[in-house]
Protein chains: 2
Amino acid sequence: MSDSFPPKRGRPGYDQRAILEIAVGAFNEFGYDATSMGVLATRLTLSKAAIYHHFSSKDEVLQLALDEALNGLEGVLLQPGALTGSAIDRLAHVLRGAVHILTTRLPYVTLLLRVRGNTEVERLALTRRRAFDRAVTSLVVEARDEGSLRSDIDPRVVTRLLFGMVNSIAEWYRPEGPEDAAQLADDVLAVALDGLRRR
Amino acid sequence: MSDSFPPKRGRPGYDQRAILEIAVGAFNEFGYDATSMGVLATRLTLSKAAIYHHFSSKDEVLQLALDEALNGLEGVLLQPGALTGSAIDRLAHVLRGAVHILTTRLPYVTLLLRVRGNTEVERLALTRRRAFDRAVTSLVVEARDEGSLRSDIDPRVVTRLLFGMVNSIAEWYRPEGPEDAAQLADDVLAVALDGLRRR
DNA sequence: GTCTATAATTAGATAGAC
DNA sequence: GTCTATCTAATTATAGAC
């Protein structure tokens, strides 16, 4: 930390990361398209031009935000728990990991889940997201083949319903709230694997 | 049908309903905010001004579309199957009904699920949607109290995970596709009530 | 029911000073 | 790192003719 202060001359100011965080918050509140660089500047108590000092375009702000979410999800697939053991255990690990990324990088994943593919940046993000989905579908197929999962429902439908549950967490989970993230992951797995009916 | 032809003078043209359908399709493809009246006019092979003959504003187009979805969902709560019988049966009826509305009014419900509350029209729609959610939460609580559902998971979390599964159907269900809508409702109930694990 | 033309506003982005 | 001022293009919406 020999030269940690030189950039601290004059006004404090923002770095790229700090702007990204506030921008993603606004994108999630109003929607990416409905969030103009003008209101973004107002939120930052900054001029529009100052934002362009940190990002080359509105598109690039979105790009970096989506990377944050996708890198996290793809990372889960590379963890040891996702690579070794029975298929049902690997599937459970990935679902828990997805819930973990969702809750720890909530604004970024929320943004990712709302992307529709309007621009090249959005289409690339959708491609990476679909690849993640396919990896999980493979795990569902494996778990069914090893006899761990029921075989009367199409694996793609199963995967989609699983992600439906997991991804919907982004709509209502709040870090300050009563729900513990690990408990939430347990609940998702309990409902998904054993169902809601009392036995 | 004594006077069904007088409006058919001159060019065929659109009525409000036909424009609404195409508009909702565009809103879902690009997002409401990203869909300008200009591209809407292009889709309709119509001028922008012609659209304003049928709707007073872009906002009103959204309003009518959201009503279509909300009226359908609220209607499910009024059906006999939602009002009589055990709580678990009423809950199952409402979930099936929600899947039915989702699949039969797919574009309208899809649009509803993406509304964020930017305008007064959107906020009113969110209020009605939350009221529907609360009604289902009540059914979950009743079903738990009558001993039909497990009691170790918070009813609000249960409701949200249920809606997570149901609503996610809008992301991938296509009427032309292989999935039958009634079969799909069965699958949702099977996963939700009995779980995925093989017994 | 639709058109062309246009008003009024706002969008994303840049220039150049400090 | 931030500012004011400004550009160009696109936006929602309207006026008035056919």
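Source: prediction; values computed, not measured. Here is how names work: the chains are called A, B, and so on, in the same order as the sequence lines, proteins then strands, and each is numbered from 1.
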Subject >> Residues which pass salt bridge (Lys or Arg N to Asp or Glu O under 4.0 Å) with A:D152, listed by chain and number, not counting sequence neighbours >> reply: A:R150
**OP:** Write down the distance between CD (B:Q16) and P (C:dG1), rounded to a whole number of angstrom.
**Re:** 10 Å
**OP:** Return no unless some side-chain N or O of B:S36 is found under 4.0 Å from OP1 or OP2 of D:dA10.
**Re:** no
Original post:
For residues 42-58 of chain B, which residues have at least one heavy atom under 4.0 Å from DNA chain C?
Top reply: B:L46, B:S47, B:A49, B:A50, B:H53, B:H54
**OP:** Would you work out how much the helix from C:dG1-D:dC18 to C:dC18-D:dG1 bends between its ends, with each end axis defined by five base pairs, to 10 degrees?
**Re:** 10°
Subject >> Sequence-distant partners of A:F132, ring pair (Phe, Tyr, Trp, His ring centres under 6.0 Å), two or more places apart >> reply: A:F163
Original post:
Which pairs with one or both residues in residues 168-199 of chain A pass ring-ring contact (aromatic ring centres under 6.0 Å, His included), sequence neighbours excluded?
Top reply: none
Original post:
Under the salt bridge (charged side-chain N to carboxylate O under 4.0 Å, His left out) rule, what pairs show up with a residue in residues 111-130 of chain B, not counting sequence neighbours?
Top reply: B:D67-B:R128, B:E74-B:R128, B:E120-B:R123
Subject >> Length of the line joining A:M37:CE and D:dA9:P, which is rounded to integer Å >> reply: 19 Å
**OP:** Applying salt bridge (Lys or Arg N to Asp or Glu O under 4.0 Å), name anything that partners B:E68, two or more places apart in sequence or on another chain.
**Re:** B:R17, B:R105
Subject >> Pairs touching residues 48-74 of chain A that satisfy ring-ring contact (aromatic ring centres under 6.0 Å, His included), sequence neighbours left out >> reply: none
Subject >> Interface residues of residues 20-35 of chain B with DNA chain D (non-hydrogen, below 4.0 angstrom) >> reply: B:T35
Original post:
If you take all heavy atoms of B:I88 and B:E146, which pair is closest and at what distance?
Top reply: N-OE2, 3.0 Å
Subject >> Under the salt bridge (Lys or Arg N to Asp or Glu O under 4.0 Å) test, residues paired with A:R134 that sit two or more places apart >> reply: none
Subject >> salt bridge (Lys or Arg N to Asp or Glu O under 4.0 Å) partners for B:R144, two or more places apart >> reply: none
**OP:** Grab the CG-P distance between A:L40 and C:dA13 for me, whole Å please.
**Re:** 12 Å
Original post:
What residues form a ring pair (Phe, Tyr, Trp, His ring centres under 6.0 Å) with A:Y108, not counting sequence neighbours?
Top reply: none
